[in-house]
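Take a look at the structure below.
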Amino acid sequence: MDKILEALVSSSHPLTVKRAIVKKVMEAAEKEVTEEQCQALYHLTTRLILQGEDAFQRQVGLQVQEAYARYHRDEFARFFSKEFVLGLLQQGYGSLDCRDPAILDFLHSSLRLLISCPAVLELAPLLQTEVLRIICERPEPATCAKLATILTDFPQCVPREKAGVLFCQQLVRTFAYFNCPATEERELREYVTQVTRVSVLLQGIWKAEPATLLPSLQEVFAIISSTDPSFEPSIALASLVQHIPLQMITVLIKSLTTDQNVKDASMTQALCRMIDWLSWPLANHVDTWVIALLKGLAAVQKFTILIDVTLLKIEQVFNRLWYPIVRQGALVVLSHMLLSFQHSPEAFHLVVPQIVPLVKSLKNDGLPNSKTFLLQFAELVHCMMYQYSGFPDLYDSILESIKELPKPNEEKIKFFLNQSAWTSQSNSFASGLLKITGKSETGKTGLVNLGNTCYMNSIIQILFMATDFRRHVMSLHLNGSNTLMKKLQLLFAFLAHTQRAAYSPRSFLEGSRPPWFTAGSQQDCSEYLRFLLDRLHEEEKTLSAFLVTSPKPEPATTSAETLNNAASQPVADSQSPLHPEPVAAKGDGRTLVERMFGGRLSTAIRCLQCHSLSEKEEPFTDLSLAFCPSMSKCHGPNDEHKSSSSVGPCQGAVNGGSESSEGSVKEGAGTRMERPVVEPTLSVPDLVDYFLAPEILENENCYFCERCASLQRAEKVMQVVAAPEYLILTLLRFSYDATCHVRRKILDNVGIPLHMSLPLRQHGISVTSSSSDSPESGENLAKKLKPSQKEDGMTENRTNMPYVLSSVVVHSGMSSESGHYYSYGRNVSNTDGYVAHPSSKSLESSSLSESSTASQEEMGCADHKSTDWFLFNDSRVTFTNSESLRNVTGRFPKDTAYVLIYRKQEVSGQQSNPGPVVNGSRLSGEPPLQKELMDAITKDNKLFLQEQELNARARALQATSASCSFRPNGSDDNEPPGSCGPSGGGGGGGFNTISRLVF
């Protein structure tokens with residue numbers, strides 16, 4: 001039969017005749033055939049299959065061999081022996097090389113003919129050894145694909161146990177050599193199919209033998225982390241990622257990022273190659289693994305790797321957005337890389353030139369998912385332009401291209417940025433020693449206590465939270481100058497943009513500390529605030545005086561007194577003066593401090609003998625509110641509360657220090673030390689009423705009347721004639737006890753309304769002055785407590801100017817020389833509270849009644865959220881609420897409000913103070929960050945990341961022997977917010993707690 005068949009296939013008979021005879025040969029297989037005939041026929045068909053001259057011969061060989069093997073399987077099993085198979089796999093067949101794909105095809109078809117025969121099991125050990133040997137020879141993708149098909153159909157031929165682990169590792173290694181020479185789409189599709197087939201084989205092995213998975217992945221990492229410049233692994237490795245269980249992400253990333261044996265160069269190379277995998281068309285979850293590794297590196301503070309990889313690969317990732325098949329995964333990785341790279345705009349600016357062309361392409365490509373993708377992409381771009389504002393030349397064309405697309409709100413943008421920041425990544429891989437000291441969940445930056453500098457830290461934070469003042473400061477053009485305003489601008493920039501949890505304000509401390517303040521000792525924060533504002537004011541006046549002599553700036557008038565006062569102050573670089581627009585609003589010549597914090601106070605004194613009237617106006621930046629003696633007395637359980645309306649006149653100083661006069665407070669000071677009043681017995685409105693109440697000057701405080709030419713009884717009335725944008729109120733809590741020669745603290749619990757109104761004398765109404773007082777007069781703070789007599793000419797109609805609470809500095813302790821300062825603050829602009837309508841009230845009515853205050857608080861809309869308020873406690877910043885602020889003294893008797901800032905609210909029919917000017921336009925939001933500030937912040941952020949990384953590496957080396965305990969953060973309801981010493985919060989221990997110095 002074999003001779004007939006051999007002669008037939010090589011004859012010249014017509015093809016139809018040949019096929020008819022082949023059919024007869026196949027039908028003869030059903031009859032009994034001798035062993036010799038079967039073996040001869042199997043040899044012939046094998047030669048036809050492997051070495052047939054044409055497709056017809058190969059087809060005949062397959063058909064005849066399959067027919068005879070079906071009916072004579074035992075004979076075929078003896079033919080397909082171990083020796084025969086081994087010869088095929090090691091020596092080939094005839095002229096065919098052992099690596100020829102036809103050999104594997106023949107092996108596969110032969111095994112299929114023996115699928116239910118014991119012979120397959122006998123061949124399995126041999127095949128297990130041979131496939132391992134073949135894989136170790138790094139065959140081409142086509143060979144591997146055919147081998148994968150055989151092993152998928154015959155899993156018993158897959159190497160087992162240790163050999164199985166080795167086989168998987170070598171197969172992964174072979175993947176690295178799967179280079180694609182394809183130039184046409186058909187070839188590329190075939191290549192992808194081959195790679196996919198091999199990866200599916202690995203998936204099956206991993207599922208059947210889980211012990212092979214981790215060694216395989218270790219081999220993957222060893223390949224992609226290789227720094228050998230002569231070897232570049234194939235991108236085909238990306239096809240393996242989709243088969244790795246996602247549940248293993250945490251374990252694997254932990255193993256990689258915390259392994260001290262993995263060098264930075266190897267990790268960088270591995271991450272770069274994983275990012276290259278985004279180009280593989282059919283790989284799933286590559287983006288998930290890339291982001292997981294990025295987060296894992298951030299968690300263990302390996303920021304150098306993240307910086308290098310981001311700058312190296314960001315443009316390549318962006319370019320993947322042009323290809324729809326890999327676009328979505330690339331956008332996820334791009335978003336994380338850009339949003340997390342927050343210390344510098346460098347990465348974002350690398351891709352800025354490509355944004356507009358991509359947006360245009362997405363609008364015009366007509367693909368169904370392009371619109372959704374464009375919305376996601378535009379959201380990312382808005383976030384980045386928000387983070388790195390101040391580059392209009394780069395962003396104008398981008399804004400124009402996406403102007404019709406929705407823009408995310410500020411809260412959403414901040415959420416994305418805070419969630420993605422490297423310093424915000426939760427470190428679940430390392431011990432407590434490796435925790436990142438990133439910003440708190442508030443997104444705000446604390447200030448490092450440099451040794452009893454909480455007085456400065458609390459003041460800086462409340463000035464920073466004065467939104468409009470901060471925006472004006474940040475809009476000033478001060479490049480190159482060394483002024484105090486420049487230092488404040490730089491400090492504000494760092495508070496807004498640094499990645500540090502707490503910034504060290506050492507440079508600002510050295511430039512702003514009053515000369516009489518002793519370094520390292522506790523100081524009065526209100527005194528520091530007054531000195532700071534005065535320095536800023538005088539400095540700007542000095543610069544304005546220099547601008548007068550310059551032909552370019554508009555002329556500004558200045559007095560001899562201004563120049564004399566400014567002569568002792570530091571002078572800015574004459575080549576970098578303040579920008580003219582932010583310095584003076586509408587050309588009124590006022591400094592920034594005057595425009596933001598400056599008000600005017602009118603003092604009128606009328607002689608009760610001749611009724612002559614003397615009036616003068618003085619500027620002020622804060623009002624110092626004294627406590628009336630009857631107010632500061634301790635009320636017993638049966639005592640009735642005495643309102644300020646029943647108390648005689650008693651006033652505090654205007655810009656006049658932080659101490660009250662001896663006579664005004666010493667009666668109640670000693671009693672206060674014994675038993676504090678926990679419940680509020682008076683409020684800030686009471687103290688303001690008391691400050692503005694008329695006062696009788698008599699006895700030793702008689703007024704010298706020029707008309708009478710003698711000392712006379714007189715009545716003194718103070719009125720606010722110009723309301724500041726920010727009203728600073730200082731509660732004079734520290735009084736001098738002449739009997740004990742010590743300064744004592746008044747611990748009265750003062751109610752703090754969220755909204756209040758300041759009585760303001762209407763414009764156009766003035767009091768005729770018969771004499772003029774010198775600027776130095778009116779310093780007498782001694783109060784004669786007698787009811788004021790209202791007489792004609794001393795009262796006028798007033799307008800109530802609405803204010804909303806912006807921030808509060810709290811003093812924790814028993815004296816000004818010890819204790820601790822911390823502050824509450826929130827962002828408030830001139831329209832955040834409510835729009836009030838002006839109303840006139842006579843002087844007889846209370847300027848800030850309880851009912852009006854309550855109604856105003858009901859009208860307010862800015863305090864409903866629990867996260868509206870922030871608690872600034874040196875390095876620590878937390879969320880809090882208005883209730884915590886208003887109840888702090890009730891819970892902790894030694895913690896009392898000291899300095900308060902209220903923001904003036906817009907009144908209908910009255911023009912509000914305009915925002916800062918930048919490039920000729922008014923800003924309603926944060927001004928763009930200037931290049932010099934951006935460069936300084938970028939440099940420091942990079943330094944911070946390097947410091948974090950070095951510290952983490954040093955701590956990791958000691959982690960096995962180090963021990964660390966952490967005290968959980970207490971809530972405001974359980975512990976006092978003040979904490980600056982080992983005893984914890986200030987005031988929490990009641991009056992038996994020993995007062996401690998602040999350090």
Side-chain angles (χ1 to χ4, degrees), residues 49-50 52-56 58-59 62 95-106 108-109 134-135 137-152 171-203 220 223-224 230-243 272-287 313 315-331 333 354 357-358 361-362 364-370 373:
I49 293 171
L50 295 177
E53 297 177 357
D54 52 34
F56 174 74
R58 292 191 291 272
Q59 183 183 14
L62 285 171
S95 61
L96 288 181
D97 185 76
C98 61
R99 291 195 177 190
D100 194 298
I103 297 289
L104 295 179
D105 286 338
F106 175 73
H108 188 201
S109 62
I134 294 173
I135 290 299
E137 294 175 354
R138 309 287 179 254
E140 294 296 322
T143 302
C144 283
K146 292 183 181 296
L147 197 60
T149 303
I150 295 173
L151 296 180
T152 301
L171 188 55
V172 167
R173 178 69 60 173
T174 302
F175 257 94
Y177 292 88
F178 280 0
N179 296 317
C180 178
T183 56
E184 298 181 3
E185 183 179 351
R186 180 188 59 80
E187 295 174 334
L188 180 60
R189 289 181 180 275
E190 184 179 355
Y191 170 77
V192 172
T193 302
Q194 293 167 353
V195 171
T196 303
R197 192 174 299 162
V198 180
S199 68
V200 170
L201 169 65
L202 264 177
Q203 179 192 20
V220 171
I223 294 170
I224 64 175
S230 63
F231 173 68
E232 184 61 35
S234 170
I235 195 178
L237 285 167
S239 63
L240 301 179
V241 175
Q242 60 190 322
H243 303 308
C272 286
R273 285 167 174 160
M274 287 181 67
I275 291 174
D276 292 340
W277 292 351
L278 291 170
S279 302
W280 186 256
L282 300 179
N284 297 320
H285 309 309
V286 171
D287 55 334
K313 290 294 183 179
E315 292 176 279
Q316 177 183 325
V317 175
F318 189 95
N319 288 334
R320 300 283 77 77
L321 302 182
W322 291 92
Y323 305 99
I325 194 170
V326 296
R327 176 179 289 165
Q328 195 60 48
L331 178 62
V333 175
Q354 307 176 56
L358 179 62
S361 174
L362 291 171
N364 300 326
D365 66 7
L367 296 177
N369 60 347
S370 292
F373 179 84

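The model shown is predicted, which means the values in this text are computed figures rather than measured ones.
Between the Thr152 side chain and the Ala148 main chain, a donor and an acceptor come within less than 3.5 Å of each other. Checked by atom type and distance alone, the side chain of Thr196 pairs as donor or acceptor with a backbone atom of Val192 at under 3.5 Å. Using a distance-only test at 3.5 Å, with no hydrogens or angles considered, no donor-acceptor pair links the side chain of Asp100 to the main chain of Leu96.
Once rounded to the nearest 0.5 Å, the distance linking OG of Ser239 with CZ of Arg197 reads 13.0 Å. The CD atom of Gln59 lies 11.5 Å from the CD1 atom of Ile49; values are rounded to the nearest 0.5 Å. Atoms NE2 and CD1, on His108 and Ile103 in that order, are 15.0 Å from each other to the nearest 0.5 Å. Of the inter-residue distances, the one linking Leu171 atom CG with Arg173 atom CZ reads 12.0 Å to the nearest 0.5 angstrom. With rounding to the nearest 0.5 Å, the separation of CD in Glu190 from CD in Gln194 is 5.0 Å. Between Ile325 atom CD1 and Ser279 atom OG the span is 11.0 Å, to the nearest 0.5 Å.
Between Asp287 and Arg327 there is no salt bridge, since no side-chain nitrogen of the basic residue lies less than 4.0 Å from a carboxylate oxygen of the acidic one. Remark: Arg99 does not engage Glu140 in a salt bridge, criterion side-chain N to carboxylate O under 4.0 Å. For the pair Glu232 and Arg273, the salt-bridge criterion is met [side-chain N within less than 4.0 Å of a carboxylate O].
Residues Trp277 and Ile224 meet the side-chain proximity criterion, which asks for heavy atoms closer than 4.5 Å. At a threshold of 4.5 Å between non-hydrogen side-chain atoms, the residues Val220 and Phe175 do not count as touching. Residues Phe178 and Leu237 have side chains not in contact (no heavy-atom distance under 4.5 Å, counting atoms from C-beta outward). With a 4.5 Å cut-off on side-chain heavy atoms, Phe373 and Leu321 count as touching. Thr174 is listed as a side-chain neighbour of Ile135, based on a closest heavy-atom distance under 4.5 Å.
Smallest separation of non-hydrogen atoms from Gly52 and Arg58: O-NH1, 3.1 Å. Smallest separation of non-hydrogen atoms from Leu50 and Ala102: CD2-O, 3.6 Å. Shortest non-hydrogen contact noted between Ile235 and Asp276 is CD1-O, 3.2 Å. Counting all heavy atoms, side chain and backbone alike, Leu367 lies closest to Pro324 at CD1-CG, 3.5 Å. Nearest heavy atoms, Pro233 versus Ile223: CB-CG2, 3.5 Å. Between Val286 and Met274, the shortest heavy-atom distance links the atoms CG1-O, 3.8 Å.
Counting only N and O atoms by type, the side chains of Ser234 and Asn179 include no donor and acceptor under 3.5 Å apart.
More than 12 heavy-atom neighbours from other residues, nucleotides or ligands sit within 6.0 angstrom of CD on Gln242.
Using cut-offs of 30° and 60° on the angle between ring planes, the pair Phe231 and Tyr177 is tilted.
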Exercise for the section: Could you please spell out the steps behind the side-chain contact (heavy atoms from CB on, under 4.5 Å) verdict for Trp280 and Val241? Expected result: CA-CA 11 Å; Trp280 186 256; Val241 175; over 6 Å; no

Handout entry: Evaluation steps, side-chain hydrogen bond (donor to acceptor under 3.5 Å, both in side chains), between Gln328 and Asn369
Key = CA-CA 10 Å; Gln328 195 60 48; Asn369 60 347; 5.8 Å; no

